[in-house]
Amino acid sequence: MNKIKAHKEVLITSFLIIIIAYSIKLFSYSYSIDTEIYLVHKLEMLTSWLAINRFSLVALKYLTSWLPFYLPLINWLTVILFFLSNLFACYNLSQISDKFKEKKLAIFFISILSTSPIFLEQFNFTLQSMEVAFCLNIFQLAIFFLIKYTSKFQGKYAIFTTILLSFCIGCYQSFVTMFITMAMIIDWFLIENKISKKENQKYILSTIAILLVSLIFYVVLGKIVLSIFQVSSSGYLKSQIGWLNGNFLTSLVNVLKSGVRSYFGFLFHLPSFTILNAFFFLFALVKIGKLLKNKQYFQTLLILGILISPLIMSIALGNPEPIRACLNLPLTLSFLLILTWQDKKWYQIIIGVLLIIQIGTMLCFEYFDLKRYQNDVSFANEIADKVKDYTKDHALVFVGSKDTSHNQKMIKGEVMGYSFFDYYGLSDRATTFMESLGLDIYGDLNYVKEAEILVKDRPSYPDESSILITDTHIIIKLS
């Protein structure tokens, strides 16, 4: 209790910051891609998770099934759990670094994690957001035991870390890269604490062994679960490996693009998404220059490893990793804050301004995604009203796609801001979305190709001729 009182400024300030950053999500109602499937076809979604070895996520879904799937409640629980995990991360690192006694640094550290648009994109998948946020806490518990292990190298702490990490990977595979990043960050502080060369070698070998055993345990357990539930493994993850499905040069360029995107912005990001990233990256290069000048080669490699760690999956896949899965990038940025921290007013003002810009980016994404949802609901009701006389015994089929923003300027993230009627040029999620709203319709995606032929020469919606009623289907040509 005394420790909480001593750090009340850190707790209160960082909590207010995360509430402001997620305020539109917390005080409004909207959902995005995939959540509509969970609302309508829950069992199919759970089965698809098993097929890509996300068995821990399915287990958590069953354990939390007593909670009503009410989006405002889920959003609040997600943000609270996320905030606690960031506090936990700060506490863990404070056990091996006295730098966290600086309250301003602790506030900035927690806030940089809490206001990352990457986590916002991840939590926009409301169907899994609470469980992923919960696993962020389980992950920090694993890190807690890993740090405990470094003090006495007792095997029981390594076992605890391995079990907990395997569980996290079974929820979301991105915890693998998070562990690699955190393991290197811990090593940096161990070196600062003058750990012996022999102990450091033991730590490095131990963390590699923990990760390998965790992955083996995860794979074996995944196969057992698939066998028990008689579910076939999906080729979804394998299909993303560009090295296998494309040419070498294209995959290499994709990796380079991922690096540029992560630190300087690329494609679908707002420029303000990556201002903070670029600032830390450039300051880290200055730090690397100083280390090389002082012939501290291992520390130089360590910082380079931490800088590159957000690209691990992109390097492995030969394709850009989805931004929502790059959960270790905010962790890397928070470490770079500590690395480049200066107890000077000008530096703290810059970080404060960049943090405000990052919060503004989040609120921008949230606002336009809310407008997108409201437009989608309005459009769905409009369509349903026009075909209501046929929906009882006719399947609804959309051909093409339709931007429901009505030419309003919409700012989009990776997934946020994309309409159910125009998801990257497709409307294949539209009928499921309409079902999730409780509208009395059902879709037939298998009929789309045939429907395209039937309405090929018809004008696009909202022209009355864009709607074709057959004996079995309602076909609407959106474009």
Side-chain angles (χ1 to χ4, degrees), residues 29-48 51 124-127 234-236 239 268 368-410 412 414-479:
Y29 187 99
S30 68
Y31 54 89
S32 186
I33 304 303
D34 283 0
T35 301
E36 88 286 2
I37 299 175
Y38 184 79
L39 289 168
V40 178
H41 305 294
K42 180 178 178 179
L43 185 59
E44 288 182 20
M45 180 57 74
L46 294 177
T47 303
S48 72
N124 199 49
F125 289 78
T126 318
L127 72 163
S234 169
Y236 172 72
S239 67
F268 37 69
F368 283 99
D369 193 62
L370 175 62
K371 291 293 293 181
R372 181 275 315 162
Y373 174 79
Q374 292 170 342
N375 289 337
D376 280 355
V377 171
S378 177
F379 190 67
N381 286 321
E382 178 186 313
I383 293 287
D385 186 61
K386 287 192 175 186
V387 298
K388 62 184 178 183
D389 295 333
Y390 303 95
T391 54
K392 290 288 184 185
D393 51 7
H394 286 66
L396 180 60
V397 177
F398 289 105
V399 172
S401 61
K402 179 75 174 177
D403 182 4
T404 62
S405 67
H406 305 296
N407 296 319
Q408 300 169 0
K409 184 181 178 182
M410 298 291 287
K412 299 175 181 178
E414 180 185 47
V415 173
M416 297 186 75
Y418 282 90
S419 168
F420 286 105
F421 295 89
D422 185 22
Y423 185 60
Y424 290 98
L426 297 172
S427 59
D428 55 332
R429 293 173 176 269
T431 51
T432 309
F433 169 66
M434 293 175 72
E435 288 181 77
S436 73
L437 295 176
L439 298 174
D440 188 20
I441 66 102
Y442 63 96
D444 182 7
L445 291 177
N446 294 323
Y447 194 72
V448 172
K449 289 201 176 294
E450 189 173 340
E452 286 175 348
I453 297 171
L454 292 175
V455 297
K456 180 180 179 182
D457 298 322
R458 288 175 175 260
S460 300
Y461 191 88
D463 192 289
E464 291 297 325
S465 300
S466 65
I467 302 175
L468 172 65
I469 310 296
T470 70
D471 292 338
T472 55
H473 291 81
I474 306 163
I475 305 171
I476 302 179
K477 184 180 180 182
L478 298 178
S479 66

Are any non-hydrogen side-chain atoms of [X] and [Y] less than 4.5 angstrom apart?
{"X": "Leu396", "Y": "Thr391", "result": "no"}
{"X": "Glu44", "Y": "Ile37", "result": "no"}
{"X": "Val377", "Y": "Phe433", "result": "yes"}
{"X": "Leu454", "Y": "Tyr447", "result": "yes"}

Report yes or no: does Asp385 contribute a side-chain atom to a donor-acceptor pair with the main-chain N or O of Asn381 at less than 3.5 Å?
no

Ignoring hydrogens, what is the shortest heavy-atom contact between [X] and [Y]? Give both atom names and the distance.
{"X": "Ile467", "Y": "Ile474", "answer": "CG2-CG2, 4.2 Å"}
{"X": "Met410", "Y": "Phe368", "answer": "CE-O, 3.2 Å"}
{"X": "Ala380", "Y": "Leu439", "answer": "O-CD1, 3.8 Å"}
{"X": "Pro462", "Y": "Ser466", "answer": "C-OG, 4.3 Å"}
{"X": "Ser427", "Y": "Leu478", "answer": "CB-CD1, 3.9 Å"}
{"X": "Thr431", "Y": "Ile441", "answer": "O-CD1, 3.4 Å"}

If you round to the nearest 0.5 Å, how far is [atom2] of [Y] from [atom1] of [X]?
{"X": "Phe421", "Y": "Ile383", "atom1": "CZ", "atom2": "CD1", "answer": "6.5 Å"}
{"X": "Tyr38", "Y": "Leu46", "atom1": "OH", "atom2": "CG", "answer": "5.5 Å"}
{"X": "Thr126", "Y": "Tyr31", "atom1": "OG1", "atom2": "OH", "answer": "10.0 Å"}
{"X": "Asp34", "Y": "Glu36", "atom1": "CG", "atom2": "CD", "answer": "6.0 Å"}
{"X": "His394", "Y": "Ile475", "atom1": "NE2", "atom2": "CD1", "answer": "10.0 Å"}
{"X": "Phe420", "Y": "Asp422", "atom1": "CZ", "atom2": "CG", "answer": "12.5 Å"}

Sequence neighbours excluded, every pair satisfying side-chain hydrogen bond (donor to acceptor under 3.5 Å, both in side chains) that has a member inside residues 369-378
Asp369-Arg372, Arg372-Asp376, Asp376-Thr404, Asp376-Ser419

Pairs where residues 470-479 contributes a residue and the test side-chain hydrogen bond (donor to acceptor under 3.5 Å, both in side chains) is met, not counting sequence neighbours:
Asp444-His473

Applying salt bridge (Lys or Arg N to Asp or Glu O under 4.0 Å) to Lys42 and not counting sequence neighbours gives none

Should the heavy atoms of other residues, nucleotides or ligands under 6.0 Å from OH of Tyr442 be counted, would the total exceed 12?
yes

Lys/Arg cation over aromatic Tyr418: Lys412, 6.0 Å, 45° cone:
yes

Phe379 vs Tyr461 aromatic rings, parallel, tilted or perpendicular, using cut-offs 30° and 60°?
perpendicular

Please enumerate all residues that pass side-chain hydrogen bond (donor to acceptor under 3.5 Å, both in side chains) together with Glu435, with sequence neighbours excluded.
none

State which residues pass side-chain hydrogen bond (donor to acceptor under 3.5 Å, both in side chains) with Ser32; sequence neighbours excluded, sorted by chain then number.
Asn124

Listing request: all salt bridge (Lys or Arg N to Asp or Glu O under 4.0 Å) pairs with a residue in residues 390-404, at least two apart in sequence or in separate chains.
Lys392-Asp440

